[in-house]
K.L.:
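So that we are looking at the same thing, I have put the structure below in structure tokens.
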Amino acid sequence: MNTLNKTLALIAFASSSVAFAATDFDTLDVDGNGVISQQEASVDATISAKFAELDTDQNGELSKEEFSQA
């Protein structure tokens, strides 16, 4: 049982670390085209929720400049 608890704790920690790391622009820009689409932003709840506000030119993508305002 103790091993199971340790395993679950490790999985939870790894999952939260991946989610935290996703807040980096380059990590979110999965296709490497220099902008973050709404689909790419969807893996980060905070960025996704603020996407329309951050997309100041309303082109459906976040540039590095727009993302830096998050």
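The first residue in the sequence is number 1, and the count goes up from there.
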K.L.:
What closest approach, in Å, do Thr56 and Glu66 show between heavy atoms, and which atom pair accounts for it?
P.N.:
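Heavy-atom minimum between the residues: N-OE2, 3.1 Å.
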
K.L.:
Looking only at heavy atoms, which two atoms of Ala41 and Ser48 are closest? And how far apart?
P.N.:
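Nearest pair, atom of Ala41 first, then Ser48: O-CB, 3.6 Å.
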
K.L.:
Which residue is it: Asp57, Ile47, Val35, Leu28? I am looking for the one with a side-chain contact (heavy atoms from CB on, under 4.5 Å) to Leu62.
P.N.:
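Result: among Asp57, Ile47, Val35, Leu28, Ile47 is the only option passing the side-chain contact (heavy atoms from CB on, under 4.5 Å) with Leu62.
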
K.L.:
Run Asp26 and Lys64 through side chain to side chain contact (heavy atoms under 4.5 Å, CB included) and show every step you take.
P.N.:
CA-CA 9 Å; Asp26 293 327; Lys64 281 190 177 189; 3.7 Å; yes

K.L.:
Does the Ser42 side chain pair with the main chain of Gln39, one donor and one acceptor, at a distance under 3.5 Å?
P.N.:
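Yes.
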
K.L.:
Drop me the distance from Ser63's OG to Asp29's CG, to the nearest 0.5 angstrom.
P.N.:
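Answer for the OG-CG pair, Ser63 versus Asp29, is 11.0 Å.
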
K.L.:
In plain terms, say whether Asp44 and Lys50 are close enough for a salt bridge, that is, a side-chain N and a carboxylate O under 4.0 Å apart.
P.N.:
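Salt bridge absent between Asp44 and Lys50.
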
K.L.:
Are the side chain of Gln69 and the backbone N or O of Glu53 linked by a donor-acceptor pair below 3.5 Å?
P.N.:
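Pair absent, no side-chain N/O of Gln69 close to backbone of Glu53.
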
K.L.:
Is it the case that the side chain of Gln38 and the backbone of Gly60 share a donor-acceptor pair, with hydrogens and angles ignored and the cut-off at 3.5 Å?
P.N.:
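Looks like no, no N/O pair under 3.5 Å.
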
K.L.:
What's the verdict on side chain to side chain contact (heavy atoms under 4.5 Å, CB included) for Phe25 and Ile36, showing C-alpha distance, side-chain angles and the deciding distance?
P.N.:
CA-CA 8 Å; Phe25 183 90; Ile36 298 171; 3.3 Å; yes

